[in-house]
Amino acid sequence: MFLKNAWYVAAWSHDIVHELYPLQLLNEYLVFYRQQDGQVVALEDACPHRKLPLSMGRLIEDAVECGYHGLTFNGQGACIFAPGAKIPRAATVKSFATTEKYGLVWVWMGDAEKADASLIPHIAEYGDPDWGINQGDAMMVECNYLYMTDNLLDPSHVAWVHRSSFGNNACVSEPLSTTVTDNGVIVSRWMYDTEVAPFYAQFVKFTGNCDRKQHYEVRYPSHAIIKAIFTPAGTGGDEAAIHPDVFLMDSYNFLTPVDEKTTRYFWFQLRNFSPNDADVSRQFAEGVRKAFEEDRIVLGAVQKGMDNRRTPFINLKLDGGPIKFRRGLERLISQEQAVTPAEAVRTGPTVIPIQETAIAQPD
């Protein structure tokens, strides 16, 4: 179901302090805390004695004491104290590699020796004084994370789900371009000489119609980069020079599976204007959260509908990007688990099935 050798967002940095902070990620239970030197620790949330969650114990300086019999573990998961006895050789807990970037705590859920911080998406504009930012939120969505990657590789849904904010009629029928990269999938399109969508109309610097680009990208395992470009009509296109009044917004979205049917959703947006305007940041934060709440309701209902289906589901041509992403992720999970795709089929799917009945099934 999950790719383990990858970075996932665990929490906002300000959430992890010198206290025990339990979290469930990828169907595993971890406990986080910040050491006195500022380093974030992540350990398996289970004492090896009788598997009492370590989060039910207490911190003693930078070590965790189990609340059952006092076994105590350092930040590397090694037992440093056992009551009345020599420390058992097996008295260890798994530790996970962590790092911090963009105000977020990231955890590597697989082999800690393979953790490579350079694999976290690079954001060139982050910290640029000419770009504004609205720090995002953390939302629990009651669906499998792959339904969310489907959504984040689907520019078309905004015409229906976000009609009053991100979408308009131009989003209904303009053809999509799909690109498979080494680390994910990109779905994009330009829409020419169309109205500015309602949410963005309050911020663009020009009047009249626009040329608009939707860039929807998801990188393995579940990191989405959504780019919105609005430029005066007649000035758009990938080969066109950047117009001085262009509106740019980059939305960074990080999906962390909690279990098979729950996902924790983190995000923030960067914009190329009003870098120090707190009111603009507030408007962005409120508008984006309202739109994501619309997604949350729809995706929760999709999960229930798929769980309770009595007839086959179908795929449409617009599902080409999501299907390619799922196939790529399936290959990575199979490789990580050292099984062939054929063996994965015999032992059961590692990701949700993507093909039952197809209409205009993509390649």
Side-chain angles (χ1 to χ4, degrees), residues 2-47 52-67 71-80 92-123 126-127 133-141 145 221-224 252-259 262-270 285 289 292:
F2 309 119
L3 188 68
K4 295 296 186 70
N5 284 314
W7 291 106
Y8 293 87
V9 172
W12 289 100
S13 288
H14 58 72
D15 288 331
I16 307 299
V17 296
H18 192 62
E19 296 176 3
L20 299 178
Y21 191 89
L23 284 172
Q24 184 182 4
L25 301 90
L26 281 63
N27 245 346
E28 298 189 43
Y29 293 90
L30 280 63
V31 61
F32 292 77
Y33 64 93
R34 190 178 296 277
Q35 295 184 153
Q36 294 172 99
D37 64 2
Q39 175 66 37
V40 173
V41 169
L43 299 174
E44 176 189 5
D45 194 11
C47 177
L52 183 77
L54 289 174
S55 58
M56 294 179 65
R58 63 173 178 160
L59 267 181
I60 301 177
E61 295 185 347
D62 285 339
V64 185
E65 179 189 73
C66 177
L71 271 72
T72 305
F73 304 88
N74 65 18
Q76 292 74 49
C79 185
I80 58 174
T92 62
V93 293
K94 182 178 179 180
S95 64
F96 297 81
T98 66
T99 191
E100 293 185 80
K101 199 168 187 178
Y102 312 130
L104 296 162
V105 172
W106 300 74
V107 59
W108 184 271
M109 291 297 294
D111 185 349
E113 287 73 23
K114 296 181 179 179
D116 180 355
S118 70
L119 297 177
I120 295 174
H122 175 65
I123 304 175
Y126 193 91
I133 184 171
N134 63 285
Q135 289 290 353
D137 207 334
M139 175 187 286
M140 294 294 285
V141 184
Y145 75 110
S222 50
H223 308 321
Y252 292 88
N253 309 267
F254 307 107
L255 318 179
T256 301
V258 175
D259 54 31
T262 316
T263 304
R264 189 175 290 110
Y265 186 14
F266 299 86
W267 70 83
F268 57 81
Q269 282 77 38
L270 292 165
R289 192 157 204 314
F292 289 174

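By convention here, the first residue in the shown sequence is residue 1.
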*asked:* Whether the side chain of W106 engages the backbone of A97 through a donor-acceptor N/O pair (distance < 3.5 Å, no angle test) should be reported.
replied: no
*For A117, does its backbone N or O pair with a side-chain atom of T99 as donor and acceptor, under 3.5 Å?*
no
*Any donor and acceptor pair, going by atom type alone, linking the side chain of R58 with main-chain N or O of E65 inside 3.5 Å?*
no
*asked:* Within the 4.5 Å heavy-atom criterion, are V258 and M140 side-chain neighbours or not?
replied: yes
*asked:* Within the 4.5 Å heavy-atom criterion, are L25 and F32 side-chain neighbours or not?
replied: yes
*Quick one: side-chain hydrogen bond (donor to acceptor under 3.5 Å, both in side chains) pairs with a partner in residues 10-22, sequence neighbours left out?*
S13-E100
*Looking only at heavy atoms, what is the nearest atom pair of M109 and F96, with distance?*
O-CE2, 3.8 Å
_Pair Y252 and Y126, ring centroids less than 6.0 Å apart_ = no
*Does Y265 offer a backbone N or O that forms a donor-acceptor pair with the side chain of N253 under 3.5 Å?*
no
_Any non-hydrogen side-chain atom of L20 less than 4.5 Å from a side-chain atom of L54?_
no
*Once the angle between the rings of F268 and F254 is folded into 0 to 90°, is it parallel (under 30°), tilted (30 to 60°) or perpendicular (over 60°)?*
tilted
*Which pair of heavy atoms, one from Y145 and one from P221, lies closest together, and at what distance?*
CE1-O, 4.1 Å
*Can you name the closest pair of heavy atoms from T98 and A42 and give their distance?*
CG2-CB, 3.7 Å
*Are the side chain of T256 and the backbone N or O of V9 linked by a donor-acceptor pair below 3.5 Å?*
yes
*Give the C-alpha distance, both sets of side-chain angles, the deciding distance and a yes or no for ring pair (Phe, Tyr, Trp, His ring centres under 6.0 Å) between Y8 and F2.*
CA-CA 11 Å; Y8 293 87; F2 309 119; 7.8 Å; no
*asked:* Under a 3.5 Å distance rule, please check whether Y102 uses its side chain to pair with a backbone N or O of P121 as donor and acceptor.
replied: yes
*Within-4.5 Å side-chain heavy-atom neighbours: P53 and V31*: no
*Atom CG of N74 and atom CD1 of I60: how far apart are they, to the nearest 0.5 Å?*
13.0 Å
*Begin from the C-alpha positions of W108 and N5 and carry the test side chain to side chain donor-acceptor pair (under 3.5 Å) through to its verdict.*
CA-CA 6 Å; W108 184 271; N5 284 314; 3.2 Å; yes
